[in-house]
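Following: one structure in structure tokens, then a few remarks.
We name chains A, B, ... by the order of the sequence lines, and we start the count at 1 in each one.
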Amino acid sequence: MKFRSIKGTKDILPADVAAWQAVERTVRRVMHDFHYREIRTPVFEQTALFSRSIGELTDIVSKEMYTFTDRSSDSITLRPEGTASTLRAYIQNNLGEASPLTKVYYIGPMFRQERPQAGRLRQFHQFGAEALGGQSPALDVEMMLLPLEIYRSLGVEAFSLKINSVGCEKCRPRYKELLKAELMKVYGRLSPESQARVQSNPLRVLDSKEEQDRAATRGIPLLQDHLCEECKKHFQGVTQLLDSLQLKHEVDPRLVRGLDYYTKTAFEITSTALGSQDALAGGGRYDLLVEELGGKPTFGVGFAAGIERLLMVLEKLEKSFVEPGPALYIVALDERSRKWAFTKASEMRKKGIQTEVDYLERSVKAQMRDANRVSAQYVLVVGEQELAAGTGKLKNMQSGAEVGVDLNDIRIG
RNA sequence: GUGGCCAUAGUUCAGUUGGUUAGAACGCCAGGUUGUGGCCCUGGAGGUCGUGGGUUCAAAUCCCACUGGUCACCCCA
């Protein structure tokens, strides 16, 4: 009998953890600098929360959710993204009443039942942020700044930022009708997938990657030219801020994104260092979503970014993260010294000094080899002589130099 | 959901037209130094050749099925 991890899930092994922790540390630091506070929500929710917010017709809801029935026959879903849960928590706990603007971030696992491939797992990890209660374009821009600053801190510069406006409840429905009519004119030239979307989600047809669709929809009127005054002004506010920050960005009038709840700003950050799955982060504004989920009308913007994909970029850029070895490794020669080493190690650890000893009753040579393998900074060898004298020699493993130490007062560095 | 490729030691891989005890490197263990690591030298452990079936005197090698992995499509983080 042999157990394997579930398809599309991966173990994050000790050797990988340094990189993960570096990413997590950076996320927390940057979020903190921008004054976002962490929120931790359950990894599963009522299925309806996701289908309502993300949209019944999206790929995520229609074919990618991990949904099951629990023992009380409620339909439960493992969260496929972080925004829905965050907004549910915001509404449920009346966070909007406590302050007019709520800025939160999250970091954790998400689940989508798709066929795994490079950069796509069934359990993957995202960090993201949401700002609830504000309609300033500054918040939209902040959502782009957050991931970009995190990437910059980690030494990643190779990405591109695409932005668009998908309109609001005033201008989008009008444009949608226009678009449907236009798409019907070229219906026969569209791919089958796009044909199916003409009525249900016409905007997505424009965002199709099929060459056939690109060709068929060339010259079709774009939403950019049909935005209402408010949306146009908002979008200008966003681009002006991006310009004044000297942030390189590209306006992509066809960009839609896979979630239905966006209004006005939508954006995507892709990496030029990745292969087929090159989206590093995405986000946008969702001014109707809180109300849709049963809260008071509340403006909102957010983004989400994939950790595995960021790690892939870091690996491609050959950024390495190593955790330093123990500060002290105590090598013991005999039974009595081993006991002494164990209690001394425990004492050193209490002082906050990372200390390792041998547990396998190995020879001195083997213990030294082990100390070297784990990159111990200092080694203390103790035997009868040292215990009798109360002094020993502390060896610097890098230089090989040894200095005398009082066994009752071991100081490192 | 559809398609391509792959599956041999802990890891990365080699393995001839099917032929007898399946190899290398790295890693691991031990010795060379009866109390000192790395480099070097010597030795050792470690493999149901993914699983099941078939062809054959003979299968890691050929055929079929299954399982798993991987990459791509769609879409997305």
Any N/O pairs under 3.5 Å between the protein and nucleotides 65-70 of chain B? List them or say none.
unit_1	atom_1	unit_2	atom_2	d
G69(B)	OP2	Lys7(A)	NZ	3.3

N/O-N/O pairs, protein side and nucleotides 37-43 of chain B side, under 3.5 Å:
unit_1	atom_1	unit_2	atom_2	d
G37(B)	O2'	Asn372(A)	ND2	3.4
G37(B)	N7	Lys395(A)	NZ	3.1
G37(B)	N1	Met397(A)	O	2.5
G37(B)	N2	Asn372(A)	OD1	3.0
G37(B)	N2	Met397(A)	O	2.6
G37(B)	N3	Asn372(A)	OD1	3.2
G38(B)	O4'	Asn372(A)	ND2	3.1

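- Across the C1' atoms, G1(B) and U8(B) are found 33 Å apart, a figure rounded to whole Å.
- Each of Leu121(A) and Ser363(A) has a nearest nucleotide on RNA chain B; the 5'-most of these lies closest to Ser363(A).
- Here Lys10(A) does not pair with Glu308(A) in a salt bridge; the nearest charged N to carboxylate O distance is not below 4.0 Å.
- Side chain of Val381(A), nearest nucleotide from C76(B), C75(B), G35(B): G35(B).
- Distance CZ (Phe267(A)) to P (C76(B)): 15 Å, rounded to an integer number of Å.
- Each of Leu333(A) and Arg204(A) was assigned the nucleotide of RNA chain B with the nearest heavy atom; the assignment lying further toward the 5' end belongs to Leu333(A).
- The closest side-chain donor-acceptor pair between Ser153(A) and Arg29(A) falls under 3.5 angstrom.
- Within the 4.0 angstrom heavy-atom criterion, base atoms lie near Glu402(A).
- Residue Ile307(A) is classed as having no contact, given no heavy-atom separation below 4.0 Å to the nucleic acid.
- As judged by a 4.0 angstrom heavy-atom cut-off over every strand, Glu386(A) is placed among the base-contacting residues.
- The separation of C26(B) from U21(B), taken at their C1' atoms, amounts to 25 Å, rounded to a whole angstrom.
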Using a cut-off of under 3.5 Å, enumerate the N/O to N/O pairs linking the protein to nucleotides 5-13 of chain B.
none

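- With 3.5 Å as the limit, one finds no donor-acceptor pair spanning the side chains of Arg197(A) and Ser208(A).
- Of the possible donor and acceptor atoms, none in the side chain of Asp278(A) sits under 3.5 Å from a partner among the backbone N and O of Thr270(A).
- Atom C1' of nucleotide C75(B) and atom CE of Met110(A) are separated by 18 Å, given to the nearest angstrom.
- Put simply, CG on Asp59(A) is 8 Å from C1' on C76(B), counting in whole angstrom units.
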Result block: side-chain N/O donor-acceptor pairs under 3.5 angstrom for residues 393-401 of chain A, not counting sequence neighbours:
unit_1	atom_1	unit_2	atom_2	d
Asn396(A)	OD1	Gln398(A)	N	2.8
Asn396(A)	OD1	Ser399(A)	N	3.1
Ser399(A)	OG	Ala401(A)	N	3.2

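- Here the side chains of Phe303(A) and Phe267(A) are in contact, with some heavy-atom distance below 4.5 Å.
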With side-chain hydrogen bond (donor to acceptor under 3.5 Å, both in side chains) as the test, would you mind laying out the steps for Glu250(A) and Ser160(A) before giving the verdict? CA-CA 8 Å; Glu250(A) 179 193 336; Ser160(A) 79; 5.4 Å; no
Symbol by symbol from the 5' end, with Watson-Crick or G-U pairs under 3.5 Å, [ ] crossing and | another strand, RNA chain B is (((((((..((((.....[...)))).(((((.......))))).....(((((..]....))))))))))))....
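- Within the 4.5 Å cutoff, side-chain heavy atoms of Leu148(A) are placed close to those of Phe159(A).
- Comparing the P positions of A14(B) and A77(B) gives an interatomic distance of 38 Å, to the nearest angstrom.
- Residues meeting the salt bridge (charged side-chain N to carboxylate O under 4.0 Å, His left out) test with Asp59(A), sequence neighbours left out: Lys63(A).
- Using a 4.5 Å heavy-atom cutoff, the side chains of Gln46(A) and Arg88(A) are not in contact.
- Note on ring orientation: taking the six-membered ring where Trp is involved, the planes of Tyr262(A) and Tyr286(A) are tilted (angle from 30° to 60°).
- The environment of CZ in Arg37(A) is sparse: at most 12 heavy-atom neighbours from other residues, nucleotides or ligands sit within 6.0 Å.
- Across all strands shown, Ala281(A) has heavy atoms under 4.0 Å from sugar-phosphate atoms exclusively, and none from any base.
- Comment: Arg338(A) engages Glu335(A) in a salt bridge, judged by a side-chain N to carboxylate O separation of less than 4.0 angstrom.
- Between the CD1 atom of Ile54(A) and the C1' atom of C76(B) there is a distance of 12 Å, rounded to whole Å.
- Taking the P atom of each, C29(B) and G10(B) are spaced 15 Å apart, rounded to whole Å.
- For the pair Arg122(A) CZ and C76(B) P, the interatomic distance rounds to 18 Å; values are reported in whole Å.
- In the displayed structure, Arg40(A) atom CZ is contacted under 6.0 Å by at most 12 heavy atoms of other residues, nucleotides or ligands.
- As a whole-Å value, the separation of Asp278(A) CG from C71(B) P is 15 Å.
- Whole-Å rounding puts the Asp334(A) CG to G35(B) P distance at 11 Å.
- Within 3.5 Å, no donor on the side chain of Glu64(A) pairs with an acceptor on the base of G1(B), nor the reverse.
- Remark: the Glu114(A) side chain and the A77(B) base include a donor-acceptor N/O pair separated by less than 3.5 Å.
- The distance between atom CD of Gln195(A) and atom P of C74(B), rounded to the nearest whole Å, is 16 Å.
- For the side-chain contact (heavy atoms from CB on, under 4.5 Å) with Thr265(A), the qualifying choice from Asn164(A), Asp140(A), Leu139(A) is Asp140(A), the only one to do so.
- Using a 4.0 Å cut-off between a side-chain N of Lys or Arg and a carboxylate O of Asp or Glu, Arg204(A) and Asp207(A) do not qualify as a salt bridge.
- Listed pair Arg362(A) / G35(B) fails the phosphate criterion, with no side-chain N or O lying under 4.0 Å from OP1 or OP2.
- Nucleic acid contact class of Gly128(A) (heavy atoms, under 4.0 Å, all strands): none.
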